[in-house]
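Please read the structure below before turning to the comments.
Please read all numbers here as calculations on a predicted model, not as lab measurements. Protein chains get the first letters and strands the later ones, always in sequence-line order, with residue 1 at the start of each.
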2 protein chains.
Amino acid sequence: MSPPMKDLLSPTRLPLLTERLKLTGLRPTQQRLALADLLFSAGDRHVSAEALHGEAQAAGVSVSLATVYNTLNRFRAVGLLKEVSVDSGRSYFDTNLSPHIHIFNEVSGELYDAPLCLRPEVLEALAPAHTQAVSVDVVVRVRPRHASQEA
Amino acid sequence: MSPPMKDLLSPTRLPLLTERLKLTGLRPTQQRLALADLLFSAGDRHVSAEALHGEAQAAGVSVSLATVYNTLNRFRAVGLLKEVSVDSGRSYFDTNLSPHIHIFNEVSGELYDAPLCLRPEVLEALAPAHTQAVSVDVVVRVRPRHASQEA
DNA sequence: ATGCCTGCAAAATATTTGCATGTAA
DNA sequence: TTACATGCAAATATTTTGCAGGCAT
């Protein structure tokens, strides 16, 4: 007996998100619109599938975890998201599509962004023969000062 | 009825590997010595737990996958290996301990090394207040030229 | 002899897939 | 109407853990 999912999106953002999905060739379904709203309406975000699922539930959106995974993978496939491998065993998805550096606090789990200044010709020069560079992922792992050595 | 594991290691490498493990505080057990031999006797390597387990089996070394995981984690904990997050959902361990760049071919799965030139003060400057940089991981993802867009 | 190490299996975690049903075009 | 999307559950995949027995010191 929950309200229709569309009512959870503001009339301002709904048409924009709908258009954005259509441009990628993805159908603007209710679940995709709701997840897109959570992802793209609040600045740059780094989320795990589990975390996004939790946010959706909290927002009253009915969506299964499998659909969250499928949606994140589709969004990545069409270039709406980047996947970040900062911690093996768990995937994070990043709404910041520009080349940048991830600062990962190994103790708190926080993930910050920092700008990356890398001339395109340098990136291309790194690719071995007969390959082209697709992206560069930089992760700087930090700890609180004076913390112990081991994870 | 397999031969003693020690016999699989050359008399030249055995004492070196034994000493290396002792220096880290790890007991030089047969399984650890055999895995260390596979890891450290052939230049820089990038291996997954599963792959290393397979190599050990092929070499006639009796070792369980759980022990491979435990051993890789211990080796990393004492600084003999670095862990690489190039592909979420699977861990790779790297015997090259110096700061460097990973060139990852997304299509073939190959992983190459490239030197990283980064002044230490630049790395430190990236760490937010009250944190210190522990390491920097750079992964350049490449594809064969003219390959399609999607993973 | 003591305490760390191993093997096995089971548990824990993370992600993908099959299929019947639902929904956008 | 037709093809694509969703939900659910089960299947996969990866890694960790508990415990009885083994081995290095």
Side-chain angles (χ1 to χ4, degrees), chain A residues 2 4-6 9 14-15 17-36 47-54 56-57 61-78 81 83-93 109 150-151, chain B residues 2 4-6 9 14-15 17-36 47-54 56-57 61-78 81 83-93 109 150-151:
Chain A
S2 49
M5 241 171 285
K6 278 179 181 174
L9 282 81
L14 178 55
L17 291 170
T18 301
E19 184 59 20
R20 190 164 183 180
L21 289 186
K22 279 187 177 172
L23 282 174
T24 66
L26 294 179
R27 281 191 187 171
T29 64
Q30 297 189 355
Q31 285 81 358
R32 286 174 178 172
L33 286 168
L35 294 176
V47 297
S48 64
E50 181 99 20
L52 184 60
H53 183 240
Q57 306 256 282
V61 176
S62 165
V63 62
S64 72
L65 182 56
T67 294
V68 172
Y69 272 105
N70 290 334
T71 300
L72 288 172
N73 284 329
R74 295 297 180 91
F75 282 9
R76 184 202 33 166
V78 300
L81 292 174
E83 190 168 1
V84 183
S85 288
V86 64
D87 170 12
S88 77
R90 198 183 310 258
S91 280
Y92 290 87
F93 292 86
E150 178 40 24
Chain B
S2 49
M5 240 172 284
K6 278 178 180 172
L9 281 83
L14 179 55
L17 292 169
T18 302
E19 183 61 18
R20 190 164 182 179
L21 290 185
K22 279 188 177 172
L23 283 173
T24 67
L26 293 180
R27 281 189 185 171
T29 65
Q30 297 190 354
Q31 284 81 358
R32 285 175 181 171
L33 285 168
L35 295 176
V47 297
S48 66
E50 182 100 19
L52 184 60
H53 184 239
Q57 307 255 283
V61 176
S62 165
V63 61
S64 71
L65 182 57
T67 294
V68 172
Y69 272 106
N70 290 334
T71 300
L72 287 172
N73 284 330
R74 294 298 180 91
F75 281 8
R76 181 197 33 144
V78 301
L81 293 173
E83 190 168 0
V84 183
S85 288
V86 64
D87 170 13
S88 75
R90 197 184 311 256
S91 279
Y92 290 88
F93 290 86
E150 177 43 23

Comparing A:T29 and B:V68 on DNA chain C - which has the more 5′ nearest nucleotide: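 Closer to the 5' end of DNA chain C: B:V68.
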
Could you tell me whether the phosphate oxygens of D:dG7, OP1 or OP2, come under 4.0 Å of any side-chain nitrogen or oxygen in A:T67?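 True: A:T67 side-chain N/O within range (under 4.0 Å) of D:dG7 OP1/OP2.
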
Donor-acceptor pair, A:T67 side chain versus A:V63 backbone, under 3.5 Å?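 Pair absent, no side-chain N/O of A:T67 close to backbone of A:V63.
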
Spacing between [X] atom [atom1] and [N] atom [atom2], to the nearest angstrom:
| X | N | atom1 | atom2 | answer |
| --- | --- | --- | --- | --- |
| B:L21 | D:dA24 | CG | P | 13 Å |
| A:H53 | D:dT6 | NE2 | C1' | 12 Å |
| A:Q57 | D:dC8 | CD | C1' | 13 Å |
| B:L33 | D:dC23 | CG | P | 14 Å |
| B:N70 | D:dT17 | CG | P | 9 Å |
| B:F75 | D:dT15 | CZ | P | 17 Å |

Distances under 3.5 Å between protein N/O atoms and the N/O atoms of nucleotides 11-15 of chain C, please, pair by pair.
unit_1, atom_1, unit_2, atom_2, d
C:dA14, OP1, A:R90, NE, 3.4
C:dA14, OP1, A:R90, NH1, 2.7
C:dA14, OP1, A:R90, NH2, 2.4
C:dA14, O3', A:G89, O, 3.0
C:dT15, OP1, A:S91, N, 2.7
C:dT15, OP1, A:S91, OG, 3.3
C:dT15, OP2, A:Y69, OH, 2.5
C:dT15, O5', A:Y69, OH, 3.4

Distances under 3.5 Å only, N/O to N/O: pair up the protein atoms with those of nucleotides 2-4 of chain C.
unit_1, atom_1, unit_2, atom_2, d
C:dG3, N2, B:R27, NH1, 3.0
C:dC4, O4', B:R27, NH2, 3.4
C:dC4, O2, B:R27, NH1, 3.3

Between [Y] and [X], is there a side-chain heavy-atom distance shorter than 4.5 Å?
| X | Y | result |
| --- | --- | --- |
| A:R74 | A:L26 | yes |
| A:V86 | A:Y92 | yes |
| A:T29 | A:R32 | yes |
| A:L23 | A:E19 | yes |
| A:F75 | A:L21 | yes |

Minimal heavy-atom distance between B:L35 and B:A56, with the atoms involved, is CD2-CB, 4.2 Å

Does a sphere of radius 6.0 Å around CD in A:Q57 hold more than 12 heavy atoms from other residues, nucleotides or ligands, not counting ones at 6.0 Å or beyond?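 Buried by this count: over 12 neighbours within 6.0 Å.
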
Any donor-acceptor N or O pair under 3.5 Å, side chains A:E83, A:S91: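 Judged by distance alone, the side chains do pair up.
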
If you pin B:S48 and A:G25 to their nearest nucleotides in DNA chain D, which one's is more 5'?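 Nearest-nucleotide comparison on DNA chain D picks A:G25.
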
Selected nucleotide, minimal atom distance to A:Q30 side chain, candidates C:dA24, C:dC8, D:dC8: C:dA24

